[in-house]
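In what follows, a single structure is set out as structure tokens and then discussed.
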Amino acid sequence: MSGPQDGHPAGSEETHGSQAPQGPVPPAGQAQTGQAQTGQAQTGQAQTGEAQTGEDEANLPARLGQERLAEPVIRTGMFGVQDTPDTSGFGLLRVHQVPGIGSLRPYGSYFDAIADALSAGLEAAGVRFSDAIERVVVDRGELTFHVRRERLPEVATEFRDDPALRFELCSGVSGVHYLDDTGRELHAVYHLLSITHNRRVRLEVSTPDADRHIPSLVGVYPTCNWHERETWDFFGIIFDGHPALTRIEMPDDWKGHPQRKDYPLGGIPVEYRGAKIPAPDERRHYS
Amino acid sequence: MTAGQPPQAPAGAGDADSDAAEGRVYTVSGEDWDELIAAANEARDFESGERLVINMGPQHPSTHGVLRLVLTLEGETVSEVRAAIGYLHTGIEKNMEYRTWTQGVTFCTRMDYLSPFFNETAYCLAVERLLGIEDKIPERAQIIRVLLMEFNRAASHLAGIGPMGFELGATTIFLQALRLRERILDLFELITGLRMNHAYIRPGGVVQDLPPGALEAIRTFLDGAPGLVHELRTLIDANTIFIGRTRGVAYLDLEGCMALGVTGPMLRSAGLPWDLRKSQPYCGYETYDFEVPVNDMCDAYGRYLVRIGEIEESLKIVRQCADRLAARGPAGSDNDPVMIRDAKIGWPARLSLGPDGLGPSPEHIAHIMGQSMEALIHHFKLITEGFRVPAGQAYGVVESPRGELAAHVVSDGGTRPYRVHFRDPSFTNLQTIAAICEGGQVADLIPAIASIDPVMGGVDR
């Protein structure tokens with residue numbers, strides 16, 4: 001395995017950063033919420049035709065597959081070709097999306113009850129709901145609260161202590177590095193479980209790569225201790241207030257944070273008699 | 001191994017390292033214990049009651065893998081325990097980002113190597129939720145998943161109980177448990193072709209149906225297995241030495257479990273009957289008849305009782321699965337598939353065993369090579385390129401033998417996962433090592449670790 005290198009790994013990753021749009025794009029198939037794609041129409045990448053010229057598009061009836069046409073398409077990097085646009089006829093091979101527009105009420109299931117209880121609890125504690133929660137996403141039967149990072153400990157405490165919420169168990173932290181989501185590159189994702197009410201909820205916190213600090217939740221959920229060390233180790237997110245934020249999986253003197261998208265996978269080619277298979281991150285791929 | 005005498009316990013020692021220890025350092029390897037003892041006596045370490053910092057592991061037969069514990073000892077009393085992990089970190093999560101969704105199974109099955117089917121299922125449940133095909137998985141596939149998972153639960157617990165007995169000096173327990181586990185692994189080999197790292201459960205179902213004779217072999221096993229489990233119980237349950245070494249050892253009550261995120265047998269031995277198979281059923285667990293063993297002993301013995309009870313319950317579930325499969329008719333029927341009927345996701349080829357091993361069936365080869373160009377293109381695209389998964393994130397959870405095993409899977413709409421994170425119960429449960437060992441005897445460390453039952457492959461991933 002090679003160590004970390006400066007810059008980007010070989011492959012098409014470099015092109016994505018410069019060509020993908022900055023704003024969030026609604027995932028395909030998600031219910032349209034009104035503020036749909038007019039802002040995203042001019043992607044420049046897709047040969048989208050007449051379907052999305054001008055603002056009066058919002059008044060047209062929905063067309064099957066329309067939202068897919070509006071999605072930015074990265075076409076370089078096909079079959080290892082870095083510098084030419086794809087002419088293979090595959091098209092639409094790379095649909096890069098940053099998850100996440102907000103969902104509107106009613107959220108359905110028990111999600112409304114959770115949002116109401118959280119809102120009431122935060123108000124009682126003197127925090128406005130919109131100050132603490134950026135947006136609420138309901139997708140695939142799962143509820144996600146996007147929490148502003150400075151409010152994370154208050155929100156987590158509320159989730160743990162409010163009798164109507166009572167999320168006793170934290171399943172730990174998972175990091176995600178959205179390379180293209182400028183200003184919110186690093187996400188820390190917490191999954192909470194309420195044994196009392198048999199419910200699950202997800203908290204998502206984002207932080208810019210330039211200032212990658214998130215308050216630690218060890219004080220609220222002690223189980224986050226190792227999980228936050230792992231996320232620091234793999235993504236470089238600094239959890240302020242963690243009792244001993246040190247590397248946990250990688251050696252102490254390791255440079256770089258391996259799970260980040262700008263960190264190469266590494267590996268060496270596999271040699272056979274008469275053939276050579278490139279390292280995994282340099283093999284032909286289709287997305 | 002190193003031993004030293006720091007003037008005080010290492011502060012903030014999440015990964016306390018003997019490099020940082022002050023005082024005299026002895027390096028011990030191999031048989032030169034006499035030298036250490038002589039040197040320590042000379043320095044009067046023991047007489048002056050100084051602290052002794054000892055590295056246990058990462059290569060130690062009773063740390064269940066490459067777990068390294070940094071112990072601070074005062075005589076026989078453990079005053080501080082710090083676990084150092086990462087010796088088996090293999091970058092499975094990172095590697096999965098460079099493979100197709102289907103190939104991901106091959107990687108994640110290797111994490112917790114004692115419970116591979118649970119790793120596969122957690123990942124597949126998350127991918128299926130992302131694809132929105134949760135309710136389209138064929139029922140036969142779900143039954144086979146449950147059958148394999150419950151067999152796996154029994155095998156994993158046997159591999160937890162056997163070595164625990166061995167470490168406490170009972171060779172018979174070890175041999176009996178491992179013998180029984182071996183027979184389960186034989187069934188795995190019959191069904192999947194491999195004893196571990198099966199990659200058998202795939203997004204959309206399972207890779208192939210049960211082979212001929214599998215149900216009969218399962219029934220033969222089930223006829224004898226409960227008796228063997230009972231035999232194991234008679235060896236352990238009332239064993240004075242076993243009880244003496246485990247009762248009241250490694251105590252962690254419900255409050256501690258909740259704070260530290262402990263799940264699985266550790267939680268159930270603290271009195272909370274929390275089992276995801278009952279509370280948030282998946283793969284059709286709500287249709288099976290089984291009990292959740294629970295007790296409130298909070299110690300190593302209680303955890304053993306939960307595990308052995310779960311083995312018995314698992315065998316009950318397996319029997320129900322076998323009955324259901326038998327009632328559904330012969331394996332390999334087109335009316336009763338084991339893979340989703342969605343040509344864009346399901347594996348195109350039915351596998352069969354040929355003279356050169358397992359591969360696409362001759363009929364499928366004849367079809368794509370001789371009859372249909374479109375089928376060939378489809379086969380090629382699906383296998384080399386893989387299928388696309390709509391963007392978003394999902395959380396797949398199963399109750400593994402060690403607790404809540406979850407896969408947090410993020411897709412950006414491509415043919416490869418954008419990010420896969422596994423919440424492995426061994427990782428979380430191992431955090432309790434300081435809470436349950438500090439203040440106890442050195443000898444109690446061994447049953448304490450065994451009662452957590454960590455699998456380092458899962459901890460480090």
Side-chain angles (χ1 to χ4, degrees), chain A residues 1 25 27-30 71 93-100 139-142 144 168-172 174-178 189 191 193 195 198 200 202 221-227 229-230 233-234 243-252 258-259 261 263 265 280-281 283-287, chain B residues 12-15 17 83-86 89 91 93-95 97-100 129-130 132 134 256-263 267 272 274 279-280 381 384-386 388 390-395 397 404 406 408 410-416 418-423 427-428 430-431 459-461:
Chain A
M1 300 288 269
V25 176
Q30 187 163 345
E71 286 163 2
L93 275 183
R94 173 85 185 194
V95 182
H96 188 90
Q97 292 164 319
V98 182
D139 186 26
R140 296 177 172 89
E142 294 178 359
T144 309
E168 303 98 339
L169 205 67
C170 177
S171 296
S174 158
V176 189
H177 186 199
Y178 293 102
V189 185
H191 291 92
L193 169 68
I195 288 178
N198 196 12
R200 281 185 192 280
R202 176 188 294 134
Y221 294 108
T223 181
C224 285
N225 187 331
W226 279 19
H227 291 275
R229 282 176 64 192
E230 184 188 314
D233 195 355
F234 286 159
L245 196 66
T246 50
R247 288 191 183 272
I248 187 164
E249 300 287 0
M250 306 302 289
D252 287 344
Q259 285 279 357
K261 287 286 174 184
Y263 187 99
L265 178 67
D281 56 344
R283 286 177 201 160
R284 171 191 296 174
H285 64 89
Y286 302 86
S287 61
Chain B
D15 56 345
D17 199 327
I85 61 172
H89 176 58
E93 290 171 2
K94 179 90 173 171
N95 267 293
E97 294 169 13
Y98 291 84
R99 305 302 200 291
T100 66
R129 177 169 288 182
L130 277 172
E134 282 173 296
C257 285
M258 298 305 278
L260 290 168
V262 170
T263 47
L267 182 61
L272 185 69
W274 178 257
S279 58
Q280 301 178 356
K381 288 248 308 172
T384 57
E385 182 181 320
R388 223 160 288 279
Q393 54 184 331
Y395 195 64
V397 200
E404 176 180 319
H408 175 228
V410 182
S411 171
D412 67 345
T415 57
R416 308 197 288 196
Y418 191 73
R419 161 87 169 128
V420 186
H421 173 78
F422 284 93
R423 186 263 189 205
F427 180 84
T428 314
L430 196 56
Q431 282 191 88
V459 172
D460 292 341
R461 300 183 300 284

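Chain identifiers are assigned alphabetically (A, B, ...) following the order of the sequence lines, protein sequences preceding nucleic acid strands; residue numbering begins at 1 within each chain. Quantities reported herein were computed from a predicted structural model and do not represent experimental measurements.
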Practice task
Identify the residue among B:T428, B:L260, B:I85 that makes a side-chain contact (heavy atoms from CB on, under 4.5 Å) with A:W226.
Solution key: B:I85

Fill in the blank from the handout: B:Q280 and A:N198 have their tightest heavy-atom pair at NE2-OD1, 2.8 Å

Exercise for the section: Any chance you could measure B:E93, atom CD, to A:S174, atom OG, to the nearest 0.5 Å? Expected result: 7.5 Å

Handout entry: Under 4.5 Å from a heavy atom of chain B, the part of A:L193 involved
Key = side chain

Practice task
Determine whether the aromatic ring centres of B:H421 and A:F234 lie less than 6.0 Å apart.
Solution key: no

Practice task
Using a strict cut-off of less than 4.0 Å between a Lys/Arg side-chain nitrogen and an Asp/Glu carboxylate oxygen, indicate whether B:K94 and A:E249 qualify as a salt bridge.
Solution key: no

Handout entry: Under 4.5 Å from a heavy atom of chain A, the part of B:R423 involved
Key = side chain

Practice task
Answer with side chain, backbone, both or neither: which region of B:E404 has an atom nearer than 4.5 Å to a non-hydrogen atom of chain A?
Solution key: side chain

Handout entry: Contact class of B:T100 relative to chain A, heavy atoms under 4.5 angstrom
Key = neither

Fill in the blank from the handout: Highest number of heavy-atom pairs under 4.5 Å with chain B among A:G172, A:C170, A:S171, A:G141 belongs to A:S171

Practice task
Starting at CG of B:L267, measure out to CD1 of A:I195 and round the result to the nearest 0.5 Å.
Solution key: 6.0 Å

Exercise for the section: Give me the ring orientation class for A:H191 and B:H408: parallel if the planes are under 30° apart, tilted from 30 to 60°, perpendicular past 60°. Expected result: perpendicular

Exercise for the section: Give me the ring orientation class for B:F427 and A:H227: parallel if the planes are under 30° apart, tilted from 30 to 60°, perpendicular past 60°. Expected result: perpendicular

Problem - Salt bridge A:R140-B:E134, side-chain N to carboxylate O under 4.0 Å - result: no

Handout entry: Closest-packed option against chain A by number of heavy-atom pairs under 4.5 Å, given B:G386, B:G261, B:A259
Key = B:A259

Practice task
Flag the pair B:Y418 / A:V176 as yes when at least one side-chain heavy-atom distance between them is below 4.5 Å, and no otherwise.
Solution key: yes

Problem - Where A:Y263 and B:Y98 come nearest, the two heavy atoms and their spacing - result: O-OH, 4.2 Å

Completion exercise
One should read off an interatomic distance between A:H177 NE2 and B:R419 CZ, to the nearest 0.5 angstrom, of 11.5 Å

Exercise for the section: Count the heavy-atom pairs under 4.5 Å between each of A:P251, A:C224, A:G175 and chain B, then report the option with the highest count. Expected result: A:G175

Problem - Separation of A:D139 CG from B:R129 CZ (nearest 0.5 Å) - result: 10.5 Å

Exercise for the section: Give, as side chain, backbone, both or neither, the part of A:P258 having an atom under 4.5 angstrom from any heavy atom of chain B. Expected result: backbone

Fill in the blank from the handout: Greatest number of non-hydrogen atom pairs under 4.5 angstrom with chain B, of A:E230, A:E168, A:R200, falls to A:R200

Fill in the blank from the handout: Turns out that what part of B:A406 lies under 4.5 Å from chain A's heavy atoms comes down to neither

Practice task
Below 4.5 Å from any heavy atom of chain A, which atoms of B:L130 appear? Answer side chain, backbone, both or neither.
Solution key: both

